[in-house]
Amino acid sequence: MSKVADYLNKNAKFLSVEIVEAVLQKMNLQIPDWEKEQAVNMYIDFIGFLGKSIISEKETMPKELITWSKQNGEREASSGGKISEIIVRYPPTRMIFTEIITRISLENRLSIEGTAFLIKRVNAMLDISINETLFAFERLSEQLKQETQKEMAELSAPVVPIQDGLAVLPLIGTIDSYRAAYILEKVVPKIADFQLNYLIADFSGIFTIDTEIAQYLYNIENILRLLGVQTIVTGLRPEIAQTIVKAGIDMSPIMTFAHVKQALESLKAKSV
């Protein structure tokens, strides 16, 4: 077994090139030279991990393998790629590894039990690698999703001062529970800081909302009223109006207009 481990360490680069070329051929893939070189370097490390693993008395996986697998998943997530692009390469890789290990075992006169042990160890390492890659991809993807969600919420609900005591809140995109909560927790305090008398909430950039979100937004209007800010709603589409009615929300105390210009003209007439 130590002889096989020594062979793996000495021929890691040659074997890595063989694995990469065989996987690409089996999958009928063509990749740029830089990506091929990167894959070869990864397999050099992997074969090094395997060499250490088979002569170790412990059955634990090398820490380097776990780190390497996590980096694979994180790299794919950060580049906006799909995890399937990594996972789809594991089955042919497993098959090619089995063929190579069988060949090396025969050349070094390893017993059937020894060969089975090697193949089992390779499979265990590949399974660990898959799991760590998936977990790392999901963790970073979720983190990036939350960061993007926060950025989108900030961009899609800006408070735009028009004049003293008046601002417009143009709502754009889809209002979900996250954005509704963001408006309550982040936008409402900002509105209070502006010392407004009126806030025009323009819904012309919103296509649909559900009854739960409609109730949430109505609660936000109630909070603003308690803060002394009168909310004016503009740009309600017929579908959104129907959702509000289904939610049992009474919009009669709230001033509504077809568009922002109409609301501004009404406020101007009031002040004259």
Side-chain angles (χ1 to χ4, degrees), residues 77-81 138-272:
S78 61
S79 66
E138 288 178 351
R139 279 194 299 268
L140 187 55
S141 293
E142 184 60 29
Q143 181 183 330
L144 294 173
K145 179 184 174 183
Q146 289 176 359
E147 290 173 1
T148 302
Q149 200 174 33
K150 182 180 177 182
E151 290 173 5
M152 290 299 294
E154 291 173 357
L155 291 171
S156 59
V159 180
V160 184
I162 301 296
Q163 61 189 46
D164 289 345
L166 173 64
V168 175
L169 175 64
L171 299 169
I172 305 163
T174 303
I175 299 287
D176 54 16
S177 57
Y178 180 89
R179 280 190 60 197
Y182 176 84
I183 293 170
L184 179 62
E185 295 170 11
K186 303 293 182 182
V187 179
V188 169
K190 192 184 294 184
I191 292 169
D193 291 340
F194 284 144
Q195 297 181 338
L196 300 177
N197 297 319
Y198 297 96
L199 175 73
I200 300 174
D202 182 43
F203 282 77
S204 58
I206 301 295
F207 291 93
T208 58
I209 57 173
D210 60 28
T211 54
E212 183 182 353
I213 301 305
Q215 186 63 55
Y216 213 127
L217 293 174
Y218 183 69
N219 292 341
I220 292 172
E221 188 276 333
N222 287 335
I223 293 170
L224 289 174
R225 195 183 325 131
L226 290 173
L227 293 173
V229 180
Q230 184 174 348
T231 303
I232 300 170
V233 173
T234 63
L236 281 179
R237 297 174 185 274
E239 311 89 79
I240 297 178
Q242 287 176 2
T243 302
I244 291 171
V245 171
K246 286 180 182 177
I249 296 172
D250 180 15
M251 292 285 289
S252 57
I254 302 173
M255 295 172 63
T256 59
F257 296 93
H259 46 72
V260 174
K261 183 183 176 183
Q262 198 177 66
L264 291 173
E265 289 173 350
S266 175
L267 290 174
K268 187 177 178 181
K270 270 189 173 184
S271 63
V272 174

Derivation of the side chain to side chain contact (heavy atoms under 4.5 Å, CB included) call for N222 and N219: CA-CA 5 Å; N222 287 335; N219 292 341; 4.2 Å; yes
Quick one: CG on L227 to CD on Q195, what's the gap to the nearest 0.5 Å? 11.5 Å
Roughly how far, to the nearest 0.5 Å, is the NZ atom of K246 from the CG atom of D210? 11.5 Å
To the nearest 0.5 Å, what is the distance between CD1 (I220) and CD (Q215)? 11.0 Å
Nearest heavy-atom pair of I232 and A263: which atoms, and what distance? CG2-CB, 4.1 Å
Gap separating the NZ atom of K268 from the NZ atom of K261, nearest 0.5 angstrom: 10.5 Å
Could you tell me which non-hydrogen atom of L236 sits nearest to which non-hydrogen atom of V233, and how far apart they are? CG-CG1, 3.6 Å
If you look at every heavy atom in A247 and A214, which pair is closest and at what distance? CB-CB, 4.5 Å
For the backbone of T231 and the side chain of R225, can you confirm whether one donor and one acceptor N or O come within less than 3.5 Å of each other? no
Side-chain contact test, heavy atoms from C-beta onward, threshold under 4.5 Å: evaluate it for V229 versus F194 and give yes or no. no
How many angstroms lie between CD in E142 and CD in E147, if you round to the nearest 0.5 Å? 11.0 Å
To the nearest 0.5 angstrom, please state how far the CG atom of L224 sits from the CG atom of L199. 6.0 Å
More than 12 heavy atoms of other residues, nucleotides or ligands under 6.0 Å from CG of D193: yes or no? yes
Side-chain heavy-atom pair I162, I200 within 4.5 angstrom cut-off: no
Taking the side chain as every heavy atom from C-beta outward, state whether T234 and V168 have any pair of such atoms under 4.5 Å apart. no
Closest approach of S78 to L144 (non-hydrogen atoms, all atoms of both residues): CA-CD1, 4.0 Å
